[in-house]
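Atom set for the values below is all heavy atoms of this structure, side chains included, hydrogens, waters and symmetry mates excluded.
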Amino acid sequence: MPELIDRRALLAGTGAALLASGAGLAQQPWPQGRQVKLVVPFTPGGATDVLGRLAADKLSQSWGNVVVVENRPGAGSNIGIEAVAKAEPNGDTLLIASVGLATNRYLYAKVNYDPVRDLAPITMVALVPNLLVVRNDLPVQNVAELVAYAKANPGKLTYASSGVGTSLHLSGELFQKLTGTKMVHVPYRGSSQAIQDLMGGRVDLIFDNITSALPQAKGGAIRGLGVTTAKRAPTAPEYPPIGETVPGFDVSSWFALFAPAKTPQAIIDKIQADTKAGLADPALRAKMDALAAEPGGWTPAELAAFLQAELKKWGDLIQEAGIKAE
């Protein structure tokens, strides 16, 4: 009889130990034992994808488990954004978004998410300036001369972009609004052909991503006049901010992390802190310098305020200009 009691006690003790072990596993701190997915709402190879993968790699190293990058392109990034907005708010699905998060609600007749209500801001990954470049035979040497030339020749200058509603397009629209000038927009499907046509003299200017325009400008194929950000770019300090000549002009291509709304604040704070730490790594800094990208690491509150400002700035401009996505 004592042997039976001892066996029962042993089984009971083992069961209790197993239950305790299971409870411990269930209560592991996030993200241990979880597969985290970072949604990139564009095709592979672009700036959003490259910067997203750099961030995912650093977080993977920090957490000891792989952050999987999933490209969900389409509808000007709306498909990928919507997928994250509707995902479970448990930290397992993240988004790297760009300016489309602030502009698409105004460009498209309908979007199935609210950028403020349905997403929780985490942190800025990077900001990248655009570079205003002109064809070499355009008779202007600086931004002031370009403004004067545009005013003297209303509707004659053409400016290219990588598509309707892109930061390249909106840079041109904001420039016209703030300078009181009128130019003709020529949208392309990507900026590479636009740069080729600029070098060939078929368009007059473009506010292109600095990573693609800078080598051509430094090589003398086109002429750089200024950067679109409020301060000079460390990788191209020779180009002054357009805002020094055109007050109020400040445009960045930005890339930031978001999670579904109602994601626990502790998870949001951990991702922000770990991303900020990763962005301070010298090896990552070197890679971002090569992209002319300024590292972020902002707090969620700072990113939330920035998004609100972007929504206001671009919403007003898009509605005033009557811009619609193609």
Q) Do Leu205 and Leu225 touch side chain to side chain, with heavy atoms closer than 4.5 Å? A) no
Q. What's the spacing between Leu132 CG and Leu146 CG if we round to 0.5 Å?
A. 6.0 Å
Q: Answer yes or no: is there a side-chain heavy-atom contact under 4.5 Å between Ser253 and Val99?
A: no
(Q) I'd like to check Leu101 versus Leu307 (side-chain heavy atoms, cut-off strictly below 4.5 Å). Are they in contact? (A) yes
Q. Are the side chain of Thr179 and the backbone of Phe175 linked by a donor-acceptor contact shorter than 3.5 Å?
A. yes
Q: State the CG-CD1 distance between Asn112 and Ile81, to the nearest 0.5 angstrom.
A: 11.5 Å
**Q.** Backbone N/O of Glu145 and side chain of Asn142: donor-acceptor pair under 3.5 Å
**A.** yes
Q. Nearest 0.5 Å, what's the NE2-CD1 distance between His169 and Ile318?
A. 8.5 Å
Q | Set of ring pair (Phe, Tyr, Trp, His ring centres under 6.0 Å) partners for Tyr149, sequence neighbours left out | A | none
Q.
Please check: side-chain N/O of Asn209 versus main-chain N/O of Pro129, any donor-acceptor pairing under 3.5 Å?
A. no
**Q.** Glu320 atom CD, over 12 foreign heavy atoms within 6.0 Å
**A.** yes
Q: Flag the pair Tyr159 / Val184 as yes when at least one side-chain heavy-atom distance between them is below 4.5 Å, and no otherwise.
A: no
Q: Could you tell me whether Asp57 and Arg53 have a side-chain N and a carboxylate O separated by less than 4.0 Å?
A: no
Q) Val133 and Ala217: which non-hydrogen atoms are nearest, and at how many Å? A) CG1-CB, 4.3 Å
Q: For the residue pair Ile222 and Val134, establish whether any side-chain heavy-atom pair is separated by less than 4.5 Å.
A: no
Q: Supply the atom-to-atom distance Leu198 CG to Asp204 CG, rounded to the nearest 0.5 angstrom.
A: 8.0 Å
Q: Assess whether salt bridge (charged side-chain N to carboxylate O under 4.0 Å, His left out) is satisfied between Lys86 and Glu82, documenting all intermediate values.
A: CA-CA 6 Å; Lys86 294 182 176 180; Glu82 182 182 349; 2.7 Å; yes
Q) If you measure from CD on Gln272 to CD on Glu302, what distance do you get to the nearest 0.5 Å? A) 8.0 Å
Q.
For residues Phe306 and Leu51: do they belong to one hydrophobic cluster (side chain heavy atoms under 4.5 Å, members Ile, Leu, Val, Met, Phe, Trp, Tyr)?
A. no
Q. If Ile, Leu, Val, Met, Phe, Trp and Tyr residues are connected whenever their side-chain heavy atoms lie under 4.5 Å apart, and connections chain through other members, are Leu284 and Val40 in the same group?
A. yes
Q) Hey, is the main chain of Ala56 close enough, under 3.5 Å, to the side chain of Ser60 for a donor-acceptor pair? A) yes
Q.
Salt bridge check, Glu294 against Lys231: does any charged N sit closer than 4.0 Å to a carboxylate O?
A. yes
Q. So does Lys177 have more than 12 non-hydrogen atoms from other groups sitting under 6.0 Å from NZ?
A. yes
Q. Between the side chain of Thr181 and the main-chain N/O of Ala150, is any donor-acceptor distance below 3.5 Å?
A. no
**Q.** Check: Asp289 side chain, Thr235 main-chain N or O, donor-acceptor pair, under 3.5 Å
**A.** no
**Q.** Neighbour count above 12 (heavy atom, 6.0 Å) for Glu238 CD
**A.** yes
Q.
Whether Arg285 and Asp281 form a salt bridge (side-chain N of Lys/Arg under 4.0 Å from carboxylate O of Asp/Glu) is what I want to check.
A. no
Q. Distance from Leu38 atom CG to Ile271 atom CD1, nearest 0.5 Å?
A. 9.5 Å
(Q) Treating Asn71 as the side-chain partner and Asp49 as the backbone partner, does any N or O pair qualify as donor plus acceptor under 3.5 Å? (A) no
Q) Are any of the side-chain heavy atoms of Met199 and Asp197 separated by less than 4.5 Å? A) no
Q) Do Met183 and Val186 share a hydrophobic cluster (ILVMFWY, side-chain heavy atoms under 4.5 Å, transitive)? A) no
**Q.** Full working for side-chain hydrogen bond (donor to acceptor under 3.5 Å, both in side chains) between Glu310 and Trp254
**A.** CA-CA 10 Å; Glu310 289 283 283; Trp254 52 268; 2.7 Å; yes
Q) Taking Tyr106 as the fixed residue, which of Val111, Ile323, Leu311 is the one that meets the side-chain contact (heavy atoms from CB on, under 4.5 Å) rule? A) Leu311
Q: Could you walk me through whether Arg72 and Glu70 pass the salt bridge (charged side-chain N to carboxylate O under 4.0 Å, His left out) test, one step at a time?
A: CA-CA 6 Å; Arg72 295 283 298 273; Glu70 179 181 308; 3.1 Å; yes
Q) Less than 4.5 Å apart, any side-chain heavy atom of Leu257 and any of Thr275? A) yes
Q) Other than Val68, what residues sit in its cluster of Ile, Leu, Val, Met, Phe, Trp and Tyr side chains whose heavy atoms are under 4.5 Å apart, directly or through others? A) Val66
Q: State whether a side-chain donor-acceptor pair under 3.5 Å links Asn130 with Asp208.
A: no
**Q.** Ser171 to Phe249 - nearest heavy-atom pair and separation
**A.** O-CE1, 3.4 Å
Q.
As a quick check of understanding, evaluate salt bridge (charged side-chain N to carboxylate O under 4.0 Å, His left out) for Arg105 and Asp114, giving each step before the final call.
A. CA-CA 8 Å; Arg105 69 188 302 180; Asp114 184 292; 3.7 Å; yes
(Q) Check this for me: Lys276, atom NZ, are more than 12 non-hydrogen atoms of other residues, nucleotides or ligands nearer than 6.0 Å? (A) no
Q.
Under the criterion side-chain hydrogen bond (donor to acceptor under 3.5 Å, both in side chains), I'd like the reasoning laid out for Gln196 against Tyr188: C-alpha separation, chi angles, the key distance, then a yes or no.
A. CA-CA 11 Å; Gln196 291 297 318; Tyr188 287 76; over 6 Å; no
Q | Hphob cluster co-occupancy, Met124 + Ile267, side-chain heavy atoms under 4.5 angstrom | A | no
Q: Report yes if the side chains of His185 and Val164 come closer than 4.5 Å at any heavy-atom pair, otherwise no.
A: yes
Q: Determine whether Leu107 and Phe207 fall in the same hydrophobic cluster, where Ile, Leu, Val, Met, Phe, Trp and Tyr are linked whenever their side-chain heavy atoms lie under 4.5 Å apart.
A: yes
Q: Would you kindly say whether Asp92 and Trp30 are connected by a side-chain donor-acceptor distance under 3.5 Å?
A: yes
